[in-house]
2 protein chains.
Amino acid sequence: MGQQPKKTQPVSGTLDGTDLAILAALMEDGRMTNAALAARVGVAESTCAYRVRALRESGAIASINARIDPRALGRPLHAIIKVRLGSHSRELVRNLYDALVDTPGVLTVFHIGGGDDFLVHAAVASPEKLRDLILEHVTVHPVVRQTETQLVFEVREGRGVLGG
Amino acid sequence: MGQQPKKTQPVSGTLDGTDLAILAALMEDGRMTNAALAARVGVAESTCAYRVRALRESGAIASINARIDPRALGRPLHAIIKVRLGSHSRELVRNLYDALVDTPGVLTVFHIGGGDDFLVHAAVASPEKLRDLILEHVTVHPVVRQTETQLVFEVREGRGVLGG
DNA sequence: TTTGAAATAAATGCTAG
DNA sequence: CTAGCATTTATTTCAAA
């Protein structure tokens, strides 16, 4: 078969079925042993280890991290804080972004285009702590024109980027 | 002082410095070996393994998963879809929630209170795919009254629930 | 790229403090 | 709850196809 000399692309669509199976398995259980992974996807252990390493080096597997239950750390209250800016100079936006990401209790910050500029997902201990977080870490920045906070009832992970 | 016997609560504030250090380390690298983890937090390997197991069983460590770069799967375009409902009957809301979570390309669904009812974070291949996702998996549900879609420029993980 | 098998490294079970 | 050691298990390496 005419095989093209496949260069190792940084990030592209050179993933075969084995790669996708590995990604799916590691999305479910990032600590699955290489032996179990190899058995599940049907290749030798050495091959599996090779593939996983390649996937990590290419960036397809960005990272493997533990998910901590915020309730275990006394932060049962989640909120989404919509942040709207008064100015959009690159430097001010970047500084605010950095500050938001570095705020204790902040889980994720979405920088978005459209009505709002940032969506901040935060977990806090109490309504008072939420108020403090907003006052001390969000509205304290002069570039912030307006915020709107919504209580998060529940967060669920979606099916993700696989199997679509 | 009220000397309450500290039982091992399923999920509560019985985490000491070692536990917190373990959580912090596993948030950074969920595949760190037990040996490396033990060295980092300054306890014996057997102790470290015991702590980690306890943290997993208590639910403090909810799970350990690989994060996949959506670009590697050909989904470079991210959006937040705000979903507003026309009716809020428990069953309809739950069915929609389930459907959203099960939609290919959906990364996270936030069920929130206030102006919007759901926030859907999705990754797709193209603007056309985004339109299709919304038409075929969101507005197709009669309970959905209105949607508003915003482009996501960037997503950054926050400092999280530790160190606050 | 894939593989099996040897060599290295790590996790687990057990004992005890 | 902690630590040390022996056993079991997993990962890495590498020559070969």
Side-chain angles (χ1 to χ4, degrees), chain A residues 1-68 72-74, chain B residues 3-68 72-73 162:
Chain A
M1 337 290 189
Q3 294 243 52
Q4 304 221 350
K6 290 182 185 174
K7 290 187 180 179
T8 304
Q9 299 282 40
V11 161
S12 67
T14 58
L15 303 179
D16 64 11
T18 300
D19 289 319
L20 295 178
I22 288 172
L23 295 181
L26 290 180
M27 279 180 69
E28 280 179 29
D29 178 6
R31 265 199 103 113
M32 178 176 286
T33 68
N34 183 67
L37 192 55
R40 172 160 164 174
V41 310
V43 295
E45 294 181 18
S46 50
T47 303
C48 188
Y50 175 89
R51 293 289 193 117
V52 170
R53 195 165 62 98
L55 288 167
R56 298 199 70 153
E57 287 179 354
S58 77
I61 297 175
S63 65
I64 296 180
N65 342 78
R67 287 177 199 274
I68 309 306
L73 284 101
Chain B
Q3 59 285 25
Q4 306 214 350
K6 289 186 182 175
K7 290 186 178 179
T8 304
Q9 299 283 39
V11 161
S12 67
T14 59
L15 303 179
D16 64 11
T18 300
D19 289 319
L20 295 178
I22 288 172
L23 295 181
L26 290 179
M27 280 180 69
E28 280 179 31
D29 177 5
R31 264 199 103 113
M32 179 175 286
T33 68
N34 183 66
L37 193 54
R40 170 160 165 173
V41 309
V43 294
E45 293 182 21
S46 50
T47 302
C48 187
Y50 175 89
R51 293 289 194 116
V52 170
R53 193 165 64 97
L55 287 168
R56 297 199 71 151
E57 289 180 353
S58 76
I61 297 174
S63 65
I64 296 182
N65 342 77
R67 287 177 199 274
I68 309 306
L73 283 308
L162 295 176

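Below, chains carry the letters A, B, ... as their sequence lines are ordered, and counting in each starts from 1. Keep in mind that the numbers below use all heavy atoms, side chains included, and drop hydrogens, waters and symmetry copies.
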Hey, does A:L15 have a side-chain heavy atom less than 4.5 Å from the side chain of A:L23?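 They are in contact (side-chain heavy atoms under 4.5 Å apart), so the answer is yes.
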For residues B:V43 and B:R51, determine if any side-chain heavy atom of one lies less than 4.5 Å from a side-chain heavy atom of the other.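 No. Closest side-chain heavy atoms not under 4.5 Å.
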A correct 5'-to-3' footprint of nucleotides 3-17 of chain D, with B, S and - meaning base, sugar-phosphate only and no protein heavy atom under 4.0 Å, is BB-----SB-B----
Those residues that, when tested against A:A54, pass side-chain contact (heavy atoms from CB on, under 4.5 Å) (two or more places apart):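 Scan of A:A54 (side-chain contact (heavy atoms from CB on, under 4.5 Å), adjacent residues dropped) gives none.
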Please state whether the phosphate of C:dA11, meaning OP1 or OP2, lies under 4.0 angstrom from any side-chain nitrogen or oxygen of B:R53.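 B:R53 to C:dA11 OP1/OP2: no side-chain N or O under 4.0 Å.
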Using a cut-off of strictly less than 4.0 Å, decide whether A:Y50 has a side-chain nitrogen or oxygen near OP1 or OP2 of C:dT1.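 Yes.
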If we ignore hydrogens and angles and just use 3.5 Å, is the side chain of B:R40 paired with the main-chain N or O of B:I22 as donor and acceptor?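 Such a contact is absent between B:R40 side chain and B:I22 backbone.
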I'd like to know if the side chain of B:R31 and the backbone of A:M32 have a donor-acceptor N/O pair within less than 3.5 Å.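 Yes, because the side chain of B:R31 sits within donor-acceptor range (under 3.5 Å) of the backbone of A:M32.
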Quick one: B:R51 CZ to D:dC1 P, roughly how many Å, whole number?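 Atom-to-atom, B:R51 to D:dC1, this comes out as 7 Å.
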Could you tell me how far apart B:R40 (CZ) and C:dA10 (P) are, to the nearest whole angstrom?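 So the two atoms are 17 Å apart, to the nearest Å.
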Taking all non-hydrogen atoms of both residues, which atom of A:N65 and which atom of B:M27 are closest, and how far apart?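 It is CB-O, 3.0 Å.
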